[in-house]
**Q** 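To start, I am sharing the structure in question, which I have written as structure tokens.
Lettering of chains follows the sequences in order, A, B, ..., and the numbering in each one begins at 1.
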Amino acid sequence: MTPYTATVEVRLKHGVLDPEAETTGRALERLGFELEDLRAADLFEVDLDAESADAAAERAGEMAERLLANPTIHDYEVTVEER
Amino acid sequence: MTVAVVQFGGSNCDRDTARALAHLGIDAELAWHEDGLPEDTTGVVLPGGFSYGDYLRAGAMAARSPIMDEVREAADSGTPVLGICNGAQIGCESSLTPGAFTTNESARFQCERVHLRVENADTPWTDHFDEGEVVEFPIAHGEGRYEIGDERLDELEADDRVLFRYCDAGGNATPEANPNGSKHSVAGVLGDRDSVAVLMPHPERVSLPDIGHTDGQGVLRAFGE
């Protein structure tokens with residue numbers, strides 16, 4: 001078994017409105033920053049032990065499918081690194 | 001013979017719901033989620049509140065708690081199941097009902113009275129109303145914007161599974177009358193069966209004559225049939 005950190009990035013599907021990101025973008029503009037757009041995402045770092053990087057990625061992907069993301073509104077991406 | 005009003009840590013409309021049901025002569029019992037559903041459960045309410053502090057997403061944690069397996073089994077066997085507000089979020093998170101309720105377009109918590117148009121009056125939840133009838137319920141949520149893929153929404157509408165839409169006093173589902181930016185103004189939907197429904201507005205808060213309107217009684221009476 002090898003220790004890995006799986007990083008799961010969960011973001012809204014393209015086209016799904018993100019009022020919090022819009023509000024944050026407007027607040028940045030009020031602070032004087034120039035920006036075109038702002039997108040927000042959730043990042044989960046899961047420390048786990050697995051037989052291989054693929055096995056770690058698979059388990060983290062299942063975590064995303066079953067809890068970390070809501071497939072109705074979210075896309076997610078899993079990356080794995082040895083810890 | 002009892003309607004189980006499921007309490008999670010952070011539920012806060014559980015007692016209101018039980019009281020509204022009792023007022024209608026419907027036997028109701030608070031059921032702590034760790035204790036499971038009572039054996040004689042004839043209906044289930046997932047009440048409003050902030051279960052698990054809305055951690056991750058509103059309803060996400062409660063939807064994955066063990067009692068939801070029992071609720072799903074009950075729903076599959078035809079037992080009426082109603083999710084209100086946080087219960088609606090739990091219902092969608094647990095796939096009892098389609099779609100998702102997410103952050104209001106305003107990015108704010110909204111607590112106000114809204115008008116709803118009855119879209120399908122041929123369900124246990126709405127057969128006390130007429131199709132197209134306008135009722136007035138309160139909302140109290142920060143994450144009530146209904147989201148669903150366009151194709152699935154088309155299917156839902158074609159199957160007549162939209163229960164209520166936000167509208168103005170005249171029954172027009174205009175953008176101005178849509179309090180939270182819900183897709184196609186959807187305020188409540190049915191699950192795979194007519195006996196499973198969720199809605200963001202609060203029927204239990206308009207069911208006691210002492211505190212005003214009683215439009216919500218029509219929804220809750222489904223449990224007395």
**Q** Is it the backbone or the side chain of A:A21 that comes under 4.5 Å from a heavy atom of chain B, or both, or neither?
**A**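 Neither; nothing under 4.5 Å.
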
**Q** So which residue, B:A60, B:G99, B:S95, B:G149, ends up with the most heavy-atom pairs under 4.5 Å with chain A?
**A**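 Going by pairs under 4.5 Å, I would pick B:G99.
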
**Q** Can you tell which of A:L68, A:V10, A:T23 has the highest number of heavy-atom pairs within less than 4.5 Å of chain B?
**A**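 Of A:L68, A:V10, A:T23, A:L68 has the most heavy-atom pairs under 4.5 Å with chain B.
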
**Q** Rounded to the nearest 0.5 Å, what's the gap from CG on B:N104 to CG on A:L17? Could you check?
**A** 10.5 Å

**Q** Please check if atom OH in B:Y55 has more than 12 non-hydrogen atoms from other residues, nucleotides or ligands closer than 6.0 Å.
**A** no

**Q** Quick check on B:T103 against chain A: is it the side chain, the backbone, both or neither that has a heavy atom closer than 4.5 Å?
**A**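 For B:T103, heavy atoms of backbone and side chain both lie under 4.5 Å from chain A.
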
**Q** Any idea which heavy atoms bring A:R66 and B:R64 closest together, and the distance?
**A**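 Scanning both residues completely, I find the closest heavy atoms to be O-NE, 2.6 Å.
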
**Q** Tell me whether A:D47 at atom CG has more than 12 heavy atoms from other residues, nucleotides or ligands lying less than 6.0 Å away.
**A** yes

**Q** Under the side chain to side chain contact (heavy atoms under 4.5 Å, CB included) criterion, do A:E22 and B:E105 qualify, and how do the steps go?
**A** CA-CA 10 Å; A:E22 282 185 12; B:E105 195 174 16; over 6 Å; no

**Q** Give a yes or no on whether B:E151 atom CD has more than 12 heavy-atom contacts from other residues, nucleotides or ligands under 6.0 Å away.
**A**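 Atom CD in B:E151 is not crowded, with 12 or fewer foreign heavy atoms closer than 6.0 Å.
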
**Q** Would you say A:K13 and B:E147 make side-chain contact, with heavy atoms under 4.5 Å?
**A**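 Side chain of A:K13 against side chain of B:E147, heavy atoms only: no contact under 4.5 Å found.
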
**Q** Take a 6.0 Å sphere around CD of A:E58 and say whether it holds more than 12 heavy atoms from other residues, nucleotides or ligands.
**A** no

**Q** Out of the candidates A:L67, A:N70, A:D42, only one should pair with B:L56 under the side-chain contact (heavy atoms from CB on, under 4.5 Å) rule; please name it.
**A**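 When A:L67, A:N70, A:D42 are each tested with B:L56, the side-chain contact (heavy atoms from CB on, under 4.5 Å) holds only for A:L67.
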
**Q** If you draw a 6.0 Å radius around CD in A:E20, do more than 12 non-hydrogen atoms from other residues or ligands fall strictly inside?
**A**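 Not more than 12 within 6.0 Å, no.
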
**Q** Please determine whether the number of non-hydrogen atoms from other residues, nucleotides or ligands lying under 6.0 Å from atom CZ of B:R113 exceeds 12.
**A** yes

**Q** Any side-chain heavy-atom pair from B:R145 and A:P19 closer than 4.5 angstrom?
**A**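 Yes, close enough: below the 4.5 Å cut-off.
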
**Q** Got a sec: does the CZ of A:R59 have more than 12 other heavy atoms crowding it under 6.0 Å?
**A**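 Enclosed: over 12 neighbouring heavy atoms sit under 6.0 Å from CZ of A:R59.
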
**Q** Can you measure from CZ (B:F101) to OG1 (A:T72) and round to the nearest 0.5 angstrom?
**A** 11.0 Å

**Q** Return yes when atom CD of A:E81 has more than 12 non-hydrogen atoms of other residues, nucleotides or ligands closer than 6.0 Å, and no otherwise.
**A** no

